[in-house]
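Take a look at the structure set out below.
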Number of protein chains: 2
Amino acid sequence: MADSRTPASPDKSGAASPAPAVTRAAAVLDALAASATGRLTLSDLSREVGIPKSSTSNLLLALEEARLITRQGAEFTLGRKLVELGAAYLGRMDEVQEFYRYCEQASVLSGETVRIAMLDGTNVIYLARYEGHPAVRLTSNIGDKMPVSLCAVGKALIARLNVHDIEEMFPDDAELPVLTPKSLRTGAALKAQLRQIREQGYAFEDEESTTGVVCLAVSVPTRGAHGPSLGLSVTALKATYTPEQGSQMVKELKELAHSLGNPMG
Amino acid sequence: MADSRTPASPDKSGAASPAPAVTRAAAVLDALAASATGRLTLSDLSREVGIPKSSTSNLLLALEEARLITRQGAEFTLGRKLVELGAAYLGRMDEVQEFYRYCEQASVLSGETVRIAMLDGTNVIYLARYEGHPAVRLTSNIGDKMPVSLCAVGKALIARLNVHDIEEMFPDDAELPVLTPKSLRTGAALKAQLRQIREQGYAFEDEESTTGVVCLAVSVPTRGAHGPSLGLSVTALKATYTPEQGSQMVKELKELAHSLGNPMG
DNA sequence: GGATAGCGTTCAGTTGACTGAACGGACACT
DNA sequence: AGTGTCCGTTCAGTCAACTGAACGCTATCC
């Protein structure tokens, strides 16, 4: 199975288009998701995605019939079905269900804000959030994305990748996104932290995405051969954070990570 | 399910198919979401959706490139991008953000399990959930669907529709889905309740979806001309429920509904 | 008021995608 | 081993979808 037979495939780095209508439809959805207001007209979309208006019109008709988008007068928005599909994805992840159960009965974590996230390229996507006592009220929601270099869970996740992949994603002179004065700015700085993270077994964020807030994170052993990379993080206020508290939270995070990675009855 | 063996007429619901590849791709996603395990092979999908294998293969390739599905060895699952898109949809709804804020500072509701839901055909979809003190721990998650006849929020939402639409959706002899002995079983029974709901201004559920649990719900005034129909519900244990508590909760629900429907600074 | 610009829709011609059958490989059963 | 079934892929022919320009329409500007 290792040697996939590619006899005469004209691979040209740019992928061929087997079903272009689908690729285009996905581009339309992306454009809607990326737009500021989430409401675009046919002409807007046609311009944005680079598809003739008449073709775009047909695409939109089909997408609307599938309820993947909704027509609001002259404007289009994302459709309800996307919520269902996203929920179906999350519902299939046993880890998310176990995550909730564990957080409730945990001793330290049950009072904190805990999140589980998934690696997606150079971003993490938050899959679920547990808020014990809202000492720290997060503005982020399920499904939100965050660059890996700006959060503890992101660093914890890429720390597990092999060195070659990391080097490709973050060359030394890579310019990283910046949210606060403490945000890491170069690939070199990030990789230096990754070494430290591998040694100590957990990741740390010190006001790199939000001033006044610190995070701790660990990665979850991948369940099965093809599962996504999952990570766990705890958020705390820097003002009240103490190292003893931190080591206790890391301990419970690792316990949770272990139980998520090795399911049992 | 409906095995239409029509050889050359892929028309669905009598309408022409402008971009059939998109409609088919959506059907593939639906099939994956509806399947028990969420993991189907190419042949499974081909059989399920009724598309030739070679065409299905092309569709899957395109869907995979768009990350709407993920290939796991020989099986396919829903893809990460669906979480992003679903989150983008929810993130655009100001009502969801306000919902969280209000629940935290509410006096009665802040201690209860409150949900906001959206009407989608004859189902409601839960968009967000606030759990003050987990007296009642719900098994439902964001994005889950529930038939309108089985939950208070569903009844509250269809009670606002015009009589003609209701009659079309629920003729007197319609057989409704049943979850408990108390579930409404006919369209006639449902419509009788709807009259009562319109009079008293809020909807009620008495162990119709889960034994031992009651719900109260109100509908949110639709914001703008094209917004979805939103509703709010509170869940309580029947054992501890009292009418006084109920009227207080309804009062706060209506207050929240009003503020969601009429945004201001 | 008249003119302009932009929007979304319509229509016929041409290209590209979809079908269906055959192929090589991987198990499971005899 | 032999053999059957099932899986996923490949390929050439046919048909349908996509393109692009023109149209009617509304809102905006002078």
Side-chain angles (χ1 to χ4, degrees), chain A residues 1-12 14-28 31-32 35 37 39-66 68-77 225-226, chain B residues 3-12 14-28 31-32 35 37 39-66 68-77 225-226:
Chain A
M1 62 167 74
D3 59 333
S4 60
R5 197 75 77 80
T6 51
S9 59
D11 296 0
K12 303 194 315 178
S17 301
V22 175
T23 306
R24 290 174 156 195
V28 167
L32 276 171
S35 76
T37 67
R39 321 171 97 231
L40 295 177
T41 69
L42 175 96
S43 300
D44 288 336
L45 285 167
S46 170
R47 230 178 293 107
E48 189 77 21
V49 186
I51 300 177
K53 279 194 294 185
S54 52
S55 307
T56 307
S57 176
N58 283 334
L59 277 179
L60 292 176
L61 248 53
L63 283 169
E64 187 184 10
E65 199 188 354
L68 293 172
I69 63 170
T70 305
R71 173 180 219 125
Q72 298 190 350
E75 297 180 312
F76 294 88
T77 64
H226 303 285
Chain B
D3 53 343
S4 59
R5 196 55 74 90
T6 44
S9 68
D11 290 13
K12 297 186 104 178
S17 303
V22 175
T23 305
R24 290 173 155 197
V28 167
L32 276 171
S35 76
T37 67
R39 322 173 97 230
L40 295 177
T41 69
L42 175 94
S43 299
D44 289 335
L45 285 167
S46 170
R47 227 177 298 107
E48 188 77 22
V49 185
I51 301 177
K53 280 193 294 183
S54 52
S55 306
T56 307
S57 176
N58 282 335
L59 278 178
L60 292 175
L61 247 53
L63 284 169
E64 187 184 11
E65 199 187 356
L68 294 171
I69 63 171
T70 306
R71 175 181 218 125
Q72 297 190 350
E75 298 180 312
F76 293 88
T77 65
H226 303 286

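Proteins get letters first, then strands, A, B, ... in listed order; numbering begins at 1 in each. Heavy-atom basis, side chains included; hydrogens, waters and symmetry copies ignored.
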Check your understanding: What pair of heavy atoms forms the shortest contact from Val49(B) to Ala31(B), and how long is it?
Key -> CG2-CB, 4.0 Å

Revision key, fill the gap. Nearest heavy-atom approach of Val22(A) to Ala25(B) is CG2-CB, 3.9 Å

Exercise for review: Mind calculating the distance between CD1 (Ile51(A)) and C1' (dC18(D)) to the nearest angstrom?
Suggested key: 11 Å

Exercise for review: Could you run through nucleotides 3-10 of chain C and give me one letter per nucleotide, 5' to 3': B if any protein heavy atom sits under 4.0 Å from the base, S if only the sugar-phosphate is that close, - if neither?
Suggested key: ----SBSB

**Study point:** Residues forming a salt bridge (Lys or Arg N to Asp or Glu O under 4.0 Å) with Glu75(B), sequence neighbours excluded
**Key:** Arg39(B)

Point to revise | Member of Leu40(A), Ile69(A), Thr70(A) meeting the side-chain contact (heavy atoms from CB on, under 4.5 Å) criterion with Thr77(A) | key: Thr70(A)

Check your understanding: What do you reckon, is CD of Glu48(A) surrounded by more than 12 foreign heavy atoms closer than 6.0 Å?
Key -> no

